[in-house]
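In this text the structure is predicted, and so the values were computed from the model without any measurement.
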Amino acid sequence: PGDVILCNDPYKGYCNHLPDWGFFRPIFYKDELLFIALTRGHQLDTGGSFPGGYFPNGYDIHAEGIMIPPIKIYDRGVERTDVLELIWNNVRWPEGVKIDNYALMAALKVAENRIVAMLDKYGRDNVLECVEEMLDRMENSVRGQLSGVQDGTFSGESSTDDDGTVLDENVTVRCDATIKGDELILDFSRSDGLRKGFVNCTYSSTFSRAVAGSFLYFDPAFSEFHNEGSMRPITVIAPEGTCVNATYPATVGGSPVNVGTQVLEATVNALSKAMPDKAVAGWGRRRGHYLAGVDPRTGERYVQTTTDADGGSGAVSGFDGFEGAMGMSGLGSIQRGSVEEIEIRFPWRTVKWHFLPDLSGAGEWRGGSGMAWEVLNLGTDVNAA
């Protein structure tokens, strides 16, 4: 009780990439461990060779930042300040990271308070029985959806332009989706091998994006209820040493939005052939950036990570794609910073940021618009990634 564990290591903690730090808190009830709460946040900086955590030309993953294996930062409610100070000493902008870390840890305490209150109100056995019921219901619901689809193997693929280090050489993800009865196998074995650049995916990242892509083909009424039970009928195969299951010490910083997006697109392409009435068209590709320099207004260094020139989503049968600055890797869930926020926080003036009509592919239902994004640097020369 009172422990908090921090981890960001993809190879020793099943994490995504180094900028995403996960804080875990075991939740006890009457001295029995019943739940573990997790908050995860993308940090302003993770140390490494380049501000912000994205560096396409790293020698190995150590160039991408500090690697934190699962380690206690609170031990029975007592902060391990020496451990936290060691970590914060290895990032740029430690004050901003510290504030964010404490906010994430505070959210864990809120989760614990609410779960304990629920256990007090309804009782341990009732709560745990409800949890199992919710898991079983979602498993049965997904199995029911799959059993209504014709058996077979359906293939899809998607490529990046390059891996960020070796330019103009595609990195291709290939998905063979096999539906057999009430089970789904998503096999990425034919994907390209491990790459020198930073787009390689860890297995946990590949798994999460493959599962997320498959959820698009189930009843939309399930969307608020998916849980571990939804994943039980789904098997994700991704051999080690490929771009979809990186092995140490490969760099993986760009994986969530580079090869991670390709995992989603390949899954969607395959399942669109299995269920053409639920086909999902491709989304606008993400144009992300990190800009680092000195703000002449304060004389302090900064890293700008809040804007990405994403396009809109792909259309589905009966509906146009929706408009917005969103990436497929997060299925439209990630909010971008506003122009006002960016101009207050950073020495960048937004000249234009708007939809580009008639840019997406034509069809009975049109895709969401692309984006025009143009900014003016009012600060020092910048390093950009």
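Every residue two or more places apart in sequence or in another chain that forms a salt bridge (Lys or Arg N to Asp or Glu O under 4.0 Å) with Arg92 is listed here: Asp45. Phe215 meets the ring pair (Phe, Tyr, Trp, His ring centres under 6.0 Å) test with His226; sequence neighbours excluded. For the salt bridge (Lys or Arg N to Asp or Glu O under 4.0 Å) test, no residue two or more places apart in sequence or in another chain qualifies with Asp151. Scanning for salt bridge (Lys or Arg N to Asp or Glu O under 4.0 Å) contacts around Asp100 gives an empty result, with sequence neighbours left out. In this structure Phe322 satisfies the ring pair (Phe, Tyr, Trp, His ring centres under 6.0 Å) test together with Trp283, sequence neighbours excluded.
Tyr248 forms part of a hydrophobic cluster together with Tyr11, Leu18, Ile61, Met67, Val252, judged by ILVMFWY side-chain heavy-atom separations under 4.5 Å. In the hydrophobic clustering, Leu86 connects to no other residue, as no ILVMFWY side-chain heavy atoms lie under 4.5 Å from its own.
Identified under the ring-ring contact (aromatic ring centres under 6.0 Å, His included) test for residues 121-154, with sequence neighbours left out: none. Each salt bridge (charged side-chain N to carboxylate O under 4.0 Å, His left out) pair with one or both residues in residues 228-239, not counting sequence neighbours, appears once here: Asp136-Arg232, Glu139-Arg232. For the salt bridge (charged side-chain N to carboxylate O under 4.0 Å, His left out) condition, the pairs that include at least one residue of residues 253-265, sequence neighbours left out, are Glu265-Arg285. Applying the salt bridge (charged side-chain N to carboxylate O under 4.0 Å, His left out) rule to pairs touching residues 3-23 yields Asp3-Lys72, sequence neighbours excluded. Among residue pairs with one or both ends in residues 69-101, those qualifying as ring-ring contact (aromatic ring centres under 6.0 Å, His included) are Trp88-Tyr102; sequence neighbours excluded.
For Arg297, the CZ atom is densely surrounded, since the number of other residues' heavy atoms within 6.0 Å is greater than 12. Other residues, nucleotides and ligands contribute only 12 or fewer heavy atoms inside 6.0 Å of the CD atom of Glu240. Heavy-atom contacts from other residues, nucleotides or ligands closer than 6.0 Å to CZ of Arg114 number 12 or fewer. Counting non-hydrogen atoms of other residues, nucleotides and ligands closer than 6.0 Å to OH of Tyr14 gives a total of 12 or fewer. The environment of Lys196 atom NZ is sparse: at most 12 non-hydrogen atoms of other residues, nucleotides or ligands sit within 6.0 angstrom.
In this structure, Phe198 and Tyr54 have perpendicular ring planes: the angle between them is above 60°, well past the 30° mark.
Here Gln262 contributes atom CD and Thr267 contributes atom OG1; the two are 11.0 Å apart, rounded to the nearest 0.5 Å. Atom OG in Ser338 sits 8.0 Å away from atom CH2 in Trp353 (nearest 0.5 Å). Atoms CD and CG, from Gln43 and Asn101 in turn, are 5.0 Å apart once rounded to the nearest 0.5 Å. The line from CZ of Phe55 to OG1 of Thr251 is 10.0 Å long, rounded to the nearest 0.5 Å.
Checking Thr172 against Asn170 by side-chain atom types alone, no donor-acceptor pair falls below 3.5 Å.
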Report task. Show your working on salt bridge (charged side-chain N to carboxylate O under 4.0 Å, His left out) between Arg195 and Glu169 and close with a plain yes or no. Result -> CA-CA 11 Å; Arg195 300 305 296 255; Glu169 185 177 304; 2.8 Å; yes

**Report entry** Ser214 and Leu271: CA distance, side-chain angles, deciding distance, side-chain contact (heavy atoms from CB on, under 4.5 Å) verdict
**Finding:** CA-CA 7 Å; Ser214 67; Leu271 292 178; 3.8 Å; yes

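Ion pairing of Glu323 with Arg366 is present here, as a side-chain N (NZ or NE/NH1/NH2) and a carboxylate O approach within less than 4.0 Å. A salt bridge links Arg174 and Asp192; the closest N-O separation between the charged side-chain nitrogens and carboxylate oxygens is under 4.0 Å.
Under the side-chain contact (heavy atoms from CB on, under 4.5 Å) rule, Leu6 has a single partner from Val83, Leu104, Ile87, which is Ile87.
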